[in-house]
Amino acid sequence: MKLTRRNFLGAVGAGTAAAAMPFDLWLEKQAHAQGVMTRYSTASAEGKEMLKIYAIAVKIMKGRWAGHPHSWTFQWYTHWVNGNTNKTAALNAVYGNRPPIERSLAEEMWDTCQGHGPNPVKYFLAWHRMFVFYFEQIIRTTTGINHFTLPYWPYDETDKRVIPTEFRNGSSSAYGSLYVGNRNSGINEGQSIERYGALDFKCMTEKSFLEPGGGFNGKLNQNPHGQVHVDVGTSTNMGQIPYAANDPVFWTHHCQVDRLWQSWNAAGGKNPDDDNFKNQKFIFDDGNGMRVVAKISDFLNISTLNYKYDTLMDIPPIESPMLVASSEKAPAFVAGAMKAAEKHGPATNMLAAEIPGAITLGAAPLRIPVNPNAEMVAPMEMLSKAAPASQNIYLILKDVYTADSPGVAYGVYLNLPEGAAPDPSGEYYIGSINFFNATSMPGMKAMFMTDSFTFNITDKVKDLDTKQQLSDGINVTLSPFNTPDAKSSPKIGRIEIIVE
């Protein structure tokens, strides 16, 4: 069906006024229901053929009026509106005095990305699966090619951690619509994205979807998801939420994120069975101009959505979380003389002002002693001999935030010797933090989005104890992977070590 302004307005009007069509009936009516369709790697022959179709569609979409639901701008703004404005101003700029029906879908869809800003992180994976699913429908409608499937960028493979060639070709090539010039330096020249921060896939070993410490959904949101955003883009590109979906590589990145979720499920990872979670609904356009109400429960199993991936990430089987007898949580160790901040969970939070005493990161490595509270008895002994076996030691960096993106990630090192060069391949490296989910956004300049990062350091602490490297206590070093933006001032509100 070719979507014209006339039939779009009719579809939106009908969709807004009438009850939503049941999802199974809607799916049955779609052209792609002719069989299960495969999404391919961007590195495969099939994936490259799909990228040719994708480039054609992007060119067409970028030429459409911004208020058209199948325009590039409309889809970009569904994730988050341009960083130079806010939703209300963007709606007025695009639709002006046009009839309300033309902007009604935009009012429901724009700025609805889950896991960022004020939107809860627990819906991160589900909302983005819907977003990619319906975007794929739009590409089919736009090109008239019903067998199109969105290819994924397989950066779980170490030799694929460069932007696919098709996205790096200039505007004169057949793939010119996929090219964006304001990516990080070197990225369009085929340099590894990890020069701005290392990817890790520790999320794939998480036993639960949401908890503890963010679970699979929260950990994946931070790394590799947020890390890839920071590695690829500047603060006016993939590196900051309001601009991220304006880069065509965004969609192959999120197709990969969805593939990682499916890989985790295939290995035994269980999705939430909570009715409140499963019944959560979001509004999208179905590819034919029809408003649809998408419910999370309909998107938890991709086999019911009639697509699959050519390959999945090979990970060990995920065991269901074991229920163990509860034990009293040890008091937290707090970094230096910092004041205790209000306790936040793993989700992104909002703070009305900067945290007094927060640690400011810069261009040089920063070494932070994590001292025990005065009332603690033999803290290092307790850390190094944590028992029983069910207990773990966690390092938590809480209330991570910044007004302006530094454009890089920071490596986190445990007890890195003074004078030693930070090395992410070395024995002291435990992971990284990034500020993709922790940068203030338009309309929220007085607010700081915050994030928390949790690292299981049990084995690392025991190894340090064996090597007698805990005599002076524990310290944490944070070091940027590359040169951070000079105008940024990234901060950490609180550092904790807990045993539980």
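Along the sequence shown, the residues carry numbers beginning at 1.
Gln256 and Asp156 share a side-chain donor-acceptor pair at under 3.5 Å. Neither side chain, Thr88 nor Asn86, offers a donor N or O lying under 3.5 Å from an acceptor on the other. For the residue pair Asp258 / Tyr307, a side-chain donor-acceptor distance below 3.5 Å is found, with atom types taken as modelled. For the 3.5 Å distance criterion, the side chains of Asn434 and Asn223 fail to qualify, holding no donor opposite an acceptor. Side-chain atoms of Thr311 and Tyr152 include a donor-acceptor pair closer than 3.5 Å.
A donor-acceptor contact shorter than 3.5 Å is absent between the side chain of Gln280 and the backbone of Ile296. Between the side chain of Asp465 and the backbone N or O of Leu470, no donor-acceptor pair lies under 3.5 Å. The backbone N or O of Cys255 sits nowhere less than 3.5 Å from a side-chain atom of Arg39 that would complete a donor-acceptor pair. Distance alone, capped at 3.5 Å, places no donor-acceptor pair between the Arg195 side chain and the Asn482 backbone. Distance alone, capped at 3.5 Å, is enough to place a donor-acceptor pair between the Tyr410 side chain and the Gly362 backbone. Judged by distance alone, the side chain of Asp298 and the main-chain N or O of Thr304 form no donor-acceptor pair under 3.5 Å. Side-chain atoms of Ser479 do not come within 3.5 Å of backbone N or O of Pro365 as any donor-acceptor pair. At distances below 3.5 Å, at least one donor-acceptor pair connects side-chain atoms of Gln75 with backbone N or O atoms of Pro69.
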Next on the checklist: Walk me through whether Phe436 and Gln222 qualify under side-chain contact (heavy atoms from CB on, under 4.5 Å).
Outcome noted: CA-CA 8 Å; Phe436 182 68; Gln222 292 173 335; over 6 Å; no
Checklist entry - Would His116 and Asn221 satisfy side-chain contact (heavy atoms from CB on, under 4.5 Å), going step by step from the backbone distance to the final call? => result CA-CA 10 Å; His116 310 313; Asn221 183 25; 3.9 Å; yes
Next on the checklist: Quick one, Val58 with Trp72, criterion side-chain contact (heavy atoms from CB on, under 4.5 Å). Give me CA distance, side-chain angles, the key distance, then yes/no.
Outcome noted: CA-CA 7 Å; Val58 172; Trp72 188 256; 3.7 Å; yes
Checklist entry - Could you go step by step and tell me if Val412 and Leu395 meet the side-chain contact (heavy atoms from CB on, under 4.5 Å) rule? => result CA-CA 10 Å; Val412 184; Leu395 172 71; 4.1 Å; yes
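With sequence neighbours excluded, the residues satisfying side-chain contact (heavy atoms from CB on, under 4.5 Å) with Val228 are Trp153, Tyr155, Ile193, Leu199, Pro224, Val232, His253.
Screening Ser489, Pro490, Pro484 against Leu361 for a side chain to side chain contact (heavy atoms under 4.5 Å, CB included) leaves a single residue, Pro490.
Aromatic ring centres of Phe124 and His225: separated by under 6.0 Å. Checked against the 6.0 Å centroid criterion, the rings of Trp127 and Phe284 qualify as a close aromatic pair. For Trp110 and Phe74, the ring centers are positioned less than 6.0 Å apart.
More than 12 heavy atoms of other residues, nucleotides or ligands shown are found within 6.0 angstrom of CD on Glu189. A 6.0 Å sphere centred on CG of Asp314 holds no more than 12 heavy atoms belonging to other residues, nucleotides or ligands.
A tilted orientation is assigned to the rings of Trp261 and Phe209, their planes being inclined by 30° to 60°.
Rounding to the nearest 0.5 angstrom, the gap separating the CD1 atom in Ile457 from the CG atom in Asp463 is 12.0 Å.
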